[in-house]
Structures are given as C-alpha cells and as structure tokens.
Amino acid sequence: MDDQTRMLTGLTGLGGLSQPDVGDPDSVRKQQSLGQPQQDIGDILQQIMAITDESLDEAQARKHALNCHRMKPALFSVLCEIKEKTVLSIRGVQEEDPPDPQIMRLDNMLLAEGVSGPEKGGGSAAAAAAAAAAGGSPTDSSIEHSDYRAKLAQIRQIYHSELEKYEQACSEFTNHVMNLLREQSRTRPISPKEIERMVAIIHRKFSSIQMQLKQSTCEAVMILRSRFLDARRKRRNFNKQATEVLNEYFYSHLSNPYPSEEAKEELAKKCGITVSQVSNWFGNKRIRYKKNIGKFQEEANLYAVKTAVDAANVSAQASQANSPATPNSGTETTCHLSDPVII
DNA sequence: CCCTATGATTAGAA
DNA sequence: TTCTAATCATAGGG
C-alpha cells in the first residue's frame, strides 16, 4: 500500500502520466490551477487522502492499470538505470562477518553439556530406569543422577522448543519479506543481491536473539551443574551389593587388578554406578591394599571363600535343575556321580 | 565429639 | 591417556 502510494505520487510527479488511467475527477481544475502552487498542493493532498479511502479492489485495479501502462517499461528501465548508479554506494555498506566466536563458544558448551546435539539415552526417565534396572536396586547416587538428568532434560526441552520457535518465526518473516520484495520488484527494480542482503539482515537480527537464548541456557546449565556438584560432595557409600561385586572382581584378579574398559563397563552396569566410579574404586582399592596388605588379608580370604562357594553354587544349581532333591551338592565329582547331566 | 572407612579430586608420573 | 599417591570431605560407628 505504502509502495503504491509512492509509485503513484512518483508518476504524477513525472508529468501527470497517471492521470488518464487513474481517472482523476479533478483533472480539469488541476490544469487550470497550474499557476497557483498552493492550490496544486491542496489537490495533491486531497488525492492522497482519497487513496486512503479507496477499497482494496480499487487499489488493486490501480496497480493493474499501472502495470499495464504503455509507459511502464520505459519508466522501469529508467528506474533500473538510476538503481544501477546508486547500487554501487549500497555495496560499500555490505559487511562480511565471520562466525561469531562468542556464539561458537556457546554452541560448543551446549554441545558438551548435551543440551544441543543428538539426544543421549532417549530422555532422563528412561535412562534412569535403565540404570536402576541394570543395577538391580536403585542406589542413592542413581537417584541423584536421574534428578540431574531430569533437570538437564527440562532445560534441553525448553531450549529446543524456543530455538524451533525462533527458527520458525525467522523463516516466516524472511518469507514474508521476500514475497513483499518480489511483489515490489514488479514496479521497481530489486536485484537478487539486495534480497540477499535483506535476508542476511533479518538472520543477523534473529541470531542475536538466539544468542541470548543460548547464553541464558548456558547459565541455567552452569547453575544446575554447580548445584549438582555440591550435592555430589555429600558422598554416599555404594550399596553392599555393589561393593561385593567390586571386591569379588578385585580379589579374584588380585595378581592383575586392572579391569579393562569393557570389564569396567560391565561392573558399572552390575553395580549401578558409573565407569569413572569403578575406576575410582579400583584406584583407591589398589593403593589401599598395597599400603596395608595385612589389613586386607581377612577380606581377601573372605572373598576367596565366597568365590569358591559361588562356583560351587553355580554347579549345584545346574544339577538341581535336573534333580532338585539332591541334598549334598558339594563338589563337581558328586554332581557328576548323582546326575548324568551335561553341564 | 573422635576415629576410621570410603568415594572423589588432584598433581604428577609413566 | 590411565594410573599412582596424596589429600579432601563426608559417612557412619563408637
């Protein structure tokens, strides 16, 4: 609408070209009043005022008339020429900005914290449940962990929905502007470069909003993290079962108590703790055992017996599966003798 | 309270 | 990088 007005006034300014098409009812009076500038301005004002009263259909009709005017191509080429001259000055304004280091830093942090990027473990609740199930019984540490994860997931969700909203708004706005420019390009010359520039400006504006979002998300994660670390400082002992599993492994590999990465992972899963906790445990255990072997002798014997008993139980269970009434399933030999079973 | 056990953190070595 | 060794900070028992 605004552009139409400009177009119309522009044309009238170029020697009343539009008047025959526009159908100005006051054209006669206007010609008469050429010698009186005040009167002329009054007419123009009236015309302008009249435009605002026009219905959309009328405006559309005017636009169409304008586009079909016989002088239009000539005018258009003149405008193109003018544009050609002025575009050089516009080009100088164009600035090239490399990826903002600030936003890159924020991106990296969000990625590292698992807020952006691919979803890990498919949500906090599922992950916590999986951890609890793997560990047999849910430990305090896993509860705290799940709490942290839940909070992080919440932040993550908000971040993503906001980001999506911004992106949608940005593309919508860009589309709108592009359509507007395309529409305008029928009546005034617009180079693709200009459209590109416009889009870049819009994107810059929106990315500055995104940066704010990223910044506040980072802050939220930092606060959550510090609170979680504080909570973690309240050390919880591992549950009995976990300690047993770890000790069993330790004493049955006493000659080389260095579990491989895979073994650590399995132990972690069995105990419902993290791999680094397993590493910490073995680190502590090795050094403390080495420092005072005597103190741990009793424990060592206990676990040596335990593993032996467990082994016996395993074979006993295997035999019981076929004859549950077996009273003394002591050794492998008795098992073999009482049951002709494949183990 | 104190004392010991124990999980976590750290610097530095391998 | 992982591992050691020292150390910190808390849990838990008396």
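Chain naming here is simple, since letters A, B, ... match the order of the sequence lines and numbering starts at 1 in each. Just so we're clear, the structure is a prediction, and the values are computed from it rather than from any experiment.
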(message) Tell me whether A:Q184 contacts the main-chain N or O of A:L181 through its side chain, where contact means a donor paired with an acceptor under 3.5 Å.
(response) no

(request) Considering only NZ, NE, NH1 and NH2 on the basic side and carboxylate oxygens on the acidic side, decide whether A:E194 and A:R197 come within less than 4.0 Å. (result) no

(message) Please classify the nucleic acid contact of A:F282 as base, sugar-phosphate, or nothing, using heavy-atom distances under 4.0 Å.
(response) nothing

(request) Can you tell me the distance, in whole Å, between the OH atom of A:Y258 and the C1' atom of C:dT2? (result) 10 Å

(message) Using side-chain heavy atoms (C-beta onward) and a distance below 4.5 Å, is A:V278 in contact with A:C271?
(response) no

(message) Tell me the interatomic distance from A:R235, atom CZ, to C:dA9, atom C1', rounded to whole angstroms.
(response) 8 Å

(message) With clusters defined by side-chain heavy atoms of hydrophobic residues (ILVMFWY) lying less than 4.5 Å apart, directly or transitively, does A:L163 cluster with A:I158?
(response) no

(request) Please check the phosphate of C:dC3 (OP1 and OP2 only) for any side-chain N or O of A:K264 closer than 4.0 Å. (result) yes

Run the side-chain donor-acceptor check on residues 281-291 of chain A: report pairs under 3.5 Å with partners two or more places apart or on a different chain.
unit_1: A:N284; atom_1: ND2; unit_2: A:N280; atom_2: O; d: 3.2
unit_1: A:K285; atom_1: NZ; unit_2: A:N247; atom_2: OD1; d: 3.2
unit_1: A:K285; atom_1: NZ; unit_2: A:E299; atom_2: OE1; d: 2.7
unit_1: A:R286; atom_1: NH1; unit_2: A:P257; atom_2: O; d: 2.9

(request) Say whether, by atom type as modelled, one donor and one acceptor occur between the side chain of A:H176 and the main chain of A:E172 under 3.5 angstrom. (result) no

(request) Specify the residues of residues 286-295 of chain A, ordered by number, for which at least one heavy atom lies under 4.0 angstrom from an atom of DNA chain B. (result) A:R288, A:K295

(message) Would you say that A:E167 contacts A:Q210 through its side chain, given a criterion of any heavy-atom pair below 4.5 Å between the two side chains?
(response) yes

(message) Measuring only between side-chain heavy atoms, which start at C-beta, is A:L246 closer than 4.5 Å to A:I273?
(response) yes

(request) Write down the distance between CZ (A:F238) and P (B:dG7), rounded to a whole number of angstrom. (result) 5 Å

Identify all pairs in which a protein N or O lies below 3.5 Å from an N or O of nucleotides 12-14 of chain C, and state each distance.
none

(message) I'd like to know if the side chain of A:H160 reaches the main chain of A:R156, judged simply by a donor and an acceptor atom lying under 3.5 Å from each other, with no hydrogens or angles considered.
(response) yes

(request) Check the distance between B:dA5's C1' and A:N239's CG and give it to me in whole angstrom. (result) 16 Å

(request) Let me know the distance between CD1 of A:I273 and C1' of B:dG7, rounded to the nearest Å. (result) 10 Å

(message) Taking only side-chain N and O atoms of A:Q277, does any of them lie within less than 4.0 angstrom of OP1 or OP2 on B:dG7?
(response) no

(message) Measure CG/A:N284 against P/C:dT7 and give the value in whole Å, please.
(response) 14 Å

(request) Rounded to the nearest angstrom, tell me the gap between atom NZ in A:K285 and atom C1' in B:dT6. (result) 10 Å

